[in-house]
Amino acid sequence: MRQPGRYSGFMMCGGISGRTGPHSLPLARIKKIMKKSGEDVKMISGEAPIVFSKACELFIEELTRRSWMTTLEGKRRTLHKDDVASAVVGTDIFDFLVSLVSDSCHSEDITPGEKEALGES
């Protein structure tokens, strides 16, 4: 039996069981993005965008937490796009975003290991 984890309570918080509860992200926009993802995607249940909405919220929270740690290391109180870029480069699970943020990383601001992850020499 699966042990309750960090994110296991979200299914009972009102948002997943139907169209009740507040949603931070617009469900219609999520559904539109889902439909644009491929020609084969034609029908999407009403519950699928709700799950995607919650997944996006969790993703944003995690990336923000990691970016905030970079902000604190720099002894600042304002999160900048370079903090997000450093969090992406420094975290394996965000490797799919490296090409997106590689332009915002200044070569003098990143470590040699991060340069290697970006494919720079």
Side-chain angles (χ1 to χ4, degrees):
M1 185 171 182
R2 189 174 76 84
Q3 296 294 317
R6 179 175 174 185
Y7 303 116
S8 63
F10 87 91
M11 293 187 123
M12 293 182 247
C13 65
I16 196 89
S17 62
R19 296 189 182 266
T20 61
H23 300 287
S24 299
L25 302 171
L27 298 180
R29 178 71 179 132
I30 292 171
K31 194 168 186 175
K32 187 175 183 180
I33 293 168
M34 291 171 72
K35 284 187 176 182
K36 287 168 69 175
S37 68
E39 294 177 10
D40 297 338
V41 181
K42 292 183 172 63
M43 299 293 289
I44 298 169
S45 75
E47 295 162 340
I50 296 169
V51 174
F52 271 82
S53 175
K54 188 61 180 179
C56 289
E57 287 177 35
L58 296 174
F59 170 75
I60 292 166
E61 287 174 10
E62 184 64 25
L63 184 55
T64 302
R65 266 190 223 100
R66 291 174 188 261
S67 301
W68 184 248
M69 295 305 291
T70 304
T71 302
L72 294 177
E73 288 172 8
K75 298 185 183 343
R76 290 179 283 107
R77 300 204 21 96
T78 303
L79 192 138
H80 298 282
K81 69 177 184 174
D82 291 338
D83 299 324
V84 178
S86 294
V88 166
V89 170
T91 308
D92 290 343
I93 60 172
F94 297 136
D95 280 349
F96 67 99
L97 296 172
V98 169
S99 62
L100 183 71
V101 300
S102 62
D103 293 336
S104 67
C105 290
H106 303 293
S107 58
E108 65 273 0
D109 293 340
I110 58 176
T111 66
E114 291 171 336
K115 282 185 185 180
E116 184 178 311
L118 289 172
E120 299 175 4
S121 51

Output every pair passing ring-ring contact (aromatic ring centres under 6.0 Å, His included) with a member in residues 66-85, not counting sequence neighbours, ordered by first then second residue.
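Checked against ring-ring contact (aromatic ring centres under 6.0 Å, His included) - neighbours excluded - no pair reaches residues 66-85.
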Residue pairs passing the ring-ring contact (aromatic ring centres under 6.0 Å, His included) test where at least one lies in residues 30-57, sequence neighbours excluded
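Residue pairs passing ring-ring contact (aromatic ring centres under 6.0 Å, His included), neighbours aside: none found.
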Heavy-atom pair with the smallest gap, counting every atom of [X] and [Y]:
X	Y	result
S99	S102	O-OG, 3.2 Å
T78	T71	O-CG2, 3.4 Å
L25	I30	CB-CD1, 4.0 Å
L63	A87	CD1-CB, 4.3 Å

Apply side chain to side chain contact (heavy atoms under 4.5 Å, CB included) to residues E61 and L58 and explain how you reach the verdict.
CA-CA 5 Å; E61 287 174 10; L58 296 174; 4.0 Å; yes
Sequence neighbours excluded, which residues qualify as side chain to side chain contact (heavy atoms under 4.5 Å, CB included) partners of I44?
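Here the qualifying residues are K31, M34, K35, V41, A48, P49.
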Quick one: sort the F96 and F59 rings into parallel, tilted or perpendicular, breaks at 30° and 60°.
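Ring orientation of F96 relative to F59: tilted.
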Test: salt bridge (Lys or Arg N to Asp or Glu O under 4.0 Å). Region: residues 69-80. Which pairs qualify, not counting sequence neighbours?
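Passing the test, one end in residues 69-80: R76-D83.
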Hey, quick one: are L27 and I33 part of the same hydrophobic cluster, counting side-chain heavy atoms closer than 4.5 Å, chains of contacts allowed?
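They do not share one cluster, since no chain of ILVMFWY contacts under 4.5 Å joins L27 to I33.
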What distance separates E62 CD from S67 OG, expressed to the nearest 0.5 Å?
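Going from CD on E62 over to OG on S67, the span is 9.5 Å.
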